[in-house]
Amino acid sequence: MIDRSPQLSPPTAALPLPVRPDAGRFLVLLGVFVCAACGLVYELELVALASYLIGDSVTQASVVLSLMVFAMGVGSLLAKRLRCRAAVGFGLLELALALVGGCSAMVLYATFAWLGESRSVLVAFSLAIGVLIGAEIPLLMSLIQRISRRDAEGTVADLFAADYVGALVGGLAFPFLLLPWLGRLTSGLLTGGVNALVGGALVLWLFRRDLTRRSRNWLLFANALVLALLATATALVGDFEQAARRAMYGDRVRVAVQTGVQEVVLTGDGSRPPDLFLDGRLRVSGADEYRYHEALVHPAMNGRHRRVLVLGGGDGLAAREVLRHPGAESLTIVELDPWMVRLARTDPALSALNDRAYEDPRVRVVTADAFAWLRDPGSAVPGGYDVVIADLPDPGSTEGGKFYSQEFYGLVAGILAPQGRLAVHAGPLEGRRRAFWTAEATLRAAGYGTSPYRVGPADSAGSALSGGGRGARLNEDFEALGAESAPEDWGLLLAAPGRIPLLALGPDAPPLRSLTDALLAEDARDAERTRMTGLPPSTLVHPRYPD
């Protein structure tokens with residue numbers, strides 16, 4: 001029979017320790033526990049920051065985790081060369097891991113802010129941290145063999161148990177403790193400091209008799225240097241974040257805060273409307289947002305609109321457009337981030353932009369995830385909502401995918417009034433045509449009739465870009481932010497359950513046509529539905545069949 005037990009080197013004579021062997025074994029396992037927790041924090045930190053900087057959290061998590069697992073295997077093989085000097089090797093390994101892992105978030109953030117590209121840096125850190133983590137267990141196995149004569153199976157079981165429990169603690173500490181309390185950068189630096197202290201203490205105290213005087217002195221110096229670097233970086237992290245934000249958002253940053261949901265940055269200098277960034281992405285351009293919000297809200301308000309529901313829209317801008325209709329008797333806003341609502345209420349520039357919508361007595365705010373809230377039977381109102389406005393993340397994002405599913409639209413249909421209407425923001429039609437039409441097809445599959453339409457680019461609006469009016473500097477803003485280009489359009493969907501849409505679409509439908517003044521004059525009802533305050537008619541396009 002083939003022996004498949006772990007092939008460990010035979011235990012040598014027990015190494016003299018400053019504590020009893022059982023206590024020494026416990027301290028090694030404690031070191032495994034702490035190092036495993038630190039290693040998982042490094043991994044999660046890279047995933048979180050990559051998702052924030054690059055987007056598409058599923059892709060970034062897959063890249064980081066797969067590269068790290070591969071690199072851990074490489075690290076385990078490379079550790080064989082260090083087993084003859086396991087104590088020194090482990091001490092140097094932990095110092096390298098503390099420095100690389102602790103500073104990884106700061107370096108990744110810096111490359112994105114000043115160079116505009118962080119993918120190659122993300123790959124490099126994922127591989128480096130994976131190699132260092134993978135080399136830990138073989139070296140710890142050698143160290144524990146020096147103080148314990150237990151069987152191989154028991155040693156392996158104890159080491160891996162400590163490793164897995166440590167990973168559990170690190171995985172829970174990052175989202176619930178480190179990230180909300182310390183932020184991405186400080187939590188990484190603090191974790192690196194803990195990693196260096198524990199690794200250094202384990203080697204320099206417990207295994208000090210296994211070190212030469214020269215090795216001990218070099219390790220002491222290296223530990224002090226790494227801890228000093230991490231402490232200095234921690235002290236300067238506030239100044240670093242301010243400089244990085246200026247590089248990313250310009251010199252007009254007024255508010256920058258990491259809430260429990262997202263990072264919120266508000267820019268503006270008082271001479272022009274503010275811009276709102278969520279997790280590093282421009283969500284509201286103060287100079288141009290009215291075009292999007294008017295197009296999203298007003299078509300759906302053509303009809304009965306006593307009770308209106310806005311899903312998302314914590315900035316209050318969609319609410320502003322709803323409240324301009326005197327027939328709106330009640331407005332419910334379901335927003336996940338309470339800090340966003342607080343900012344929209346209290347910030348002078350943002351509250352002026354939304355016309356102080358939250359001060360209107362008709363407005364009721366619910367702090368909840370829109371999908372979960374719709375599943376609650378208490379979300380329905382007698383008679384249903386006349387209008388539902390879905391002002392939610394783009395369908396192209398992983399986080400927003402659930403808001404464009406048949407299940408979500410089915411839940412919305414359950415709270416709509418018999419003649420109710422749903423307005424959906426479905427992303428840019430030109431830039432992500434596939435995502436837009438997928439959202440439209442999903443609505444039809446959920447039993448809705450749809451009327452797709454879009455708001456065209458600002459430079460097609462003619463007078464909207466002249467005379468210093470709203471939207472005049474939109475393209476300049478995007479160039480200053482390092483974006484590739486200004487958004488080409490906003491793709492929108494007007495839908496109603498079980499109704500034949502006014503503007504039906506099929507596989508052989510004609511291309512989209514701009515609604516000029518002449519076309520608007522052909523149909524007074526179309527003109528009433530689509531012409532909005534401050535919005536030139538040429539910027540709104542509908543799919544139409546020829547007469």
Side-chain angles (χ1 to χ4, degrees), residues 284 289-335 344 353-366 370 374 379-392 409 412-413 415-426 440 443 448-455 490-503 515 520 523-537 539-543:
V284 172
E289 57 76 25
Y290 73 101
R291 300 172 58 251
Y292 160 75
H293 288 100
E294 288 177 351
L296 174 68
V297 172
H298 292 300
M301 299 292 285
N302 181 42
R304 182 183 175 90
H305 51 260
R306 289 180 56 243
R307 292 179 296 270
V308 181
L309 171 66
V310 174
L311 302 175
D315 49 40
L317 299 172
R320 174 196 67 198
E321 301 302 324
V322 171
L323 295 173
R324 287 176 176 172
H325 292 259
E329 297 179 2
S330 69
L331 169 60
T332 301
I333 301 174
V334 180
E335 168 62 41
L353 191 63
N354 63 38
D355 286 346
R356 294 175 174 78
Y358 285 105
E359 297 178 7
D360 194 296
R362 294 173 289 175
V363 174
R364 179 175 74 98
V365 179
V366 177
L374 288 171
S379 62
V381 296
Y385 290 97
D386 301 308
V387 178
V388 175
I389 309 293
D391 187 12
L392 296 163
Y409 294 138
V412 172
I415 63 169
L416 274 173
Q419 302 297 320
R421 297 162 303 285
L422 166 65
V424 175
H425 162 229
E440 192 271 341
L443 269 169
Y448 288 79
T450 62
S451 293
Y453 62 106
R454 74 180 180 192
V455 179
W490 287 282
L492 304 165
L493 297 164
L494 182 62
R499 295 176 58 191
I500 300 175
L502 174 68
L503 304 167
L515 287 180
L520 288 171
D523 189 338
R525 186 169 57 180
D526 272 2
E528 185 180 37
R529 177 181 296 103
T530 58
R531 188 186 292 277
M532 301 156 201
T533 304
L535 179 63
T539 66
L540 192 69
V541 274
H542 266 283

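Keep in mind that the numbers below use all heavy atoms, side chains included, and drop hydrogens, waters and symmetry copies.
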query = Does R362 have any salt bridge (Lys or Arg N to Asp or Glu O under 4.0 Å) partners at least two apart in sequence or in another chain, and if so, which?
reply = D360

key: Heavy-atom closest contact (S330 atom, R307 atom, distance)   = OG-CG, 3.5 Å

message = Restricting to non-hydrogen atoms, name the atom on W490 and the atom on R291 that form the minimum distance, rounded to 0.1 Å.
response = CZ3-NH1, 3.0 Å

remark   = Heavy atoms of A370 and V334 approach each other most closely as CA-CG1, 4.0 Å

remark   = Rounded to the nearest 0.5 angstrom, the CG-CG distance for N302 and L494 is 9.0 Å

Pairwise side-chain contact, N354 with D315, heavy-atom cut-off 4.5 Å (strictly under) = no

query = Please, which pairs that meet ring pair (Phe, Tyr, Trp, His ring centres under 6.0 Å) have at least one residue in residues 300-322, sequence neighbours excluded?
reply = H305-H325

query = What pairs of residues pass the side-chain hydrogen bond (donor to acceptor under 3.5 Å, both in side chains) test when at least one of them lies in residues 379-389, not counting sequence neighbours?
reply = R304-D386

query = Given D391 and L317, is the side chain to side chain contact (heavy atoms under 4.5 Å, CB included) satisfied, shown in steps?
reply = CA-CA 10 Å; D391 187 12; L317 299 172; over 6 Å; no

task = Identify the two heavy atoms, one from G383 and one from P418, that lie closest to each other, and give their separation to 0.1 Å.
result = O-CD, 4.0 Å

key: Working for side chain to side chain contact (heavy atoms under 4.5 Å, CB included), residues Y448 and L416   = CA-CA 12 Å; Y448 288 79; L416 274 173; 4.3 Å; yes

remark   = Nearest heavy-atom approach of G420 to P497 is O-CD, 3.9 Å

note = Which of L492, I389, L493, L392 passes side chain to side chain contact (heavy atoms under 4.5 Å, CB included) with H425? It is L492

inquiry  = List the residues meeting ring pair (Phe, Tyr, Trp, His ring centres under 6.0 Å) with H293, not counting sequence neighbours, and say none if there are none.
reply    = none

message = Which residues pass the salt bridge (Lys or Arg N to Asp or Glu O under 4.0 Å) test with E335, not counting sequence neighbours?
response = none

Separation between CG of L296 and CE of M301, rounded to the nearest 0.5 Å = 11.0 Å

task = Indicate the atoms forming the closest heavy-atom contact of A357 with A319, along with that distance.
result = CB-CB, 4.1 Å

message = Once side chain to side chain donor-acceptor pair (under 3.5 Å) is applied, do any residues pair with R356, and if so which ones, sequence neighbours excluded?
response = none

task = Check whether any side-chain heavy atom of T332 sits under 4.5 Å from a side-chain heavy atom of V381, and report yes or no.
result = no

task = Show your reasoning for whether side chain to side chain contact (heavy atoms under 4.5 Å, CB included) applies to D355 and R324.
result = CA-CA 10 Å; D355 286 346; R324 287 176 176 172; 3.2 Å; yes

ask   = Between L323 and V363, is a side chain to side chain contact (heavy atoms under 4.5 Å, CB included) present by the stated rule, with each step listed?
value = CA-CA 9 Å; L323 295 173; V363 174; 3.8 Å; yes

